[in-house]
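Below is one structure; the comments refer to it alone.
Counting starts at 1 for both ligands and their atoms, following the listed order.
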Amino acid sequence: MKILKPKQIIVALDFNSIEETNVIVDLLDPEIYRLKIGKQLFASEGPKIIENFNKQGFDIFLDLKLHDIPNTVYKALKNLLSHKVWMTNIHLLGGEEMIQAAREAREHTKSEALLIGVSVLTSLSEKHIRNMGFNMQISELVKNLSMSAKKNNIDGVVCSAQEVSEIKKNFGADFITVTPGIRIQQKKDDQSRIATLEDAIKNGSDYIVLGREITASENITKMIKKVESYII
Ligand code: C5P
């Protein structure tokens with residue numbers, strides 16, 4: 001079944017070193033995949049890892065999920081966006097001033113990076129949200145947070161694939177949805193709100209984040225072939 005466009009899959013490189021990532025990255029074509037650098041890899045390798053993958057022709061999603069006071073987010077993002085990144089993100093729970101500060105940082109660096117807001121982490125369930133004191137369903141919280149992203153003119157949200165159709169309905173087809181927690185055959189791990197690749201695409205997800213599904217697979221080459229069998 002050909003349901004994916006090239007570059008719609010973002011591979012989460014949750015590793016400690018460049019050497020470890022190379023085992024996977026050497027098997028990936030930059031015309032087909034984008035790469036996600038998260039906190040783990042960035043904490044050990046620092047910004048040079050961005051340049052390293054740029055040189056190989058990959059688009060980079062810098063997934064550091066900034067969440068701090070507006071001034072700190074502004075300054076941190078200005079530094080981060082001095083590197084060439086295709087997409088980066090902040091936590092929408094940081095509030096509207098923080099979202100605006102992030103947008104200003106992008107304007108002031110003249111970066112073309114897509115700026116995306118994390119709504120509710122896909123590892124969280126209804127029970128977690130209730131225990132935190134939110135008196136609403138996750139879907140409603142995701143909607144409220146997505147509204148704050150839309151209102152403050154950032155490009156889209158990270159959400160569960162289960163929430164994509166509602167977000168597209170409310171905020172328009174061009175409001176980007178990035179969906180982690182996608183499973184082809186692996187187990188759930190620490191994710192709660194998971195979905196299959198087919199459902200994610202059917203619901204309208206723009207970008208699919210695949211992490212352990214590829215990286216922890218018993219036969220990585222076979223898994224990559226399987227993923228590529230879905231690509232048009
Ligand atoms: O291994 P798995 O496919 O579950 O990887 C999910 C990746 O997506 C991780 O790198 C994680 O940091 C990231 N992510 C997430 N939930 C979000 C945003 C990003 O799991 N809401």
Which residue supplies the protein heavy atom nearest to [atom], what is that atom called, and how far is it?
atom	result
atom 20 (O) of ligand 1	Gln191 NE2, 2.9 Å
atom 16 (N) of ligand 1	Thr122 OG1, 3.0 Å
atom 17 (C) of ligand 1	Pro180 CG, 3.4 Å
atom 18 (C) of ligand 1	Lys65 CE, 3.2 Å
atom 9 (C) of ligand 1	Asp14 OD2, 3.3 Å
atom 13 (C) of ligand 1	Lys36 NZ, 3.6 Å

Between Lys39 and Asp14, does at least one N-O distance fall below 4.0 Å, as a salt bridge requires? no
Asp206 with Lys168: basic N within carboxylate O range, under 4.0 Å: yes
Is there a nitrogen or oxygen of Gly211 sitting under 3.5 Å from a nitrogen or oxygen of ligand 1? yes
Based purely on interatomic distance, does Glu213 place a nitrogen or oxygen under 3.5 Å from a nitrogen or oxygen of ligand 1?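 No; every N/O pair is 3.5 Å or more apart.
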Below 4.0 Å from any atom of ligand 1, is there a heavy atom belonging to Arg183?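 Right, Arg183 reaches ligand 1.
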Which is it for Leu121 and ligand 1 at heavy atoms under 4.0 Å: side chain, backbone, both or neither?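 Both parts.
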Structural part of Val158 in contact with ligand 1, heavy atom criterion under 4.0 angstrom: side chain
At less than 4.0 angstrom from any non-hydrogen atom of [X], what atoms of ligand 1 do you find?
X	value
Ala12	10 (O)
Arg212	1 (O), 2 (P), 3 (O), 4 (O)
Asp63	12 (O), 13 (C), 19 (C)

Just wondering, do [Y] and [X] contact through their side chains at under 4.5 Å, heavy atoms?
X	Y	result
Lys143	Asn170	yes
Ile182	Val209	no
Ser217	Lys222	no

Taking the inter-plane angle between the rings of Phe61 and Trp86 on a 0 to 90° scale, is it parallel (under 30°), tilted (30 to 60°) or perpendicular (over 60°)?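 Perpendicular, since the angle between the ring planes exceeds 60°.
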Exactly one of Val158, Leu115, Asp63, Leu114 clears side chain to side chain contact (heavy atoms under 4.5 Å, CB included) with Met87, and that residue is Leu114
For the pair Glu96 (side chain) and Asn152 (backbone), establish whether a donor and an acceptor sit closer than 3.5 Å, ignoring hydrogens and angles. no
Just do the side-chain hydrogen bond (donor to acceptor under 3.5 Å, both in side chains) check on Asn16 and Gln40 with the steps written out, would you? CA-CA 6 Å; Asn16 291 325; Gln40 183 185 352; 2.8 Å; yes
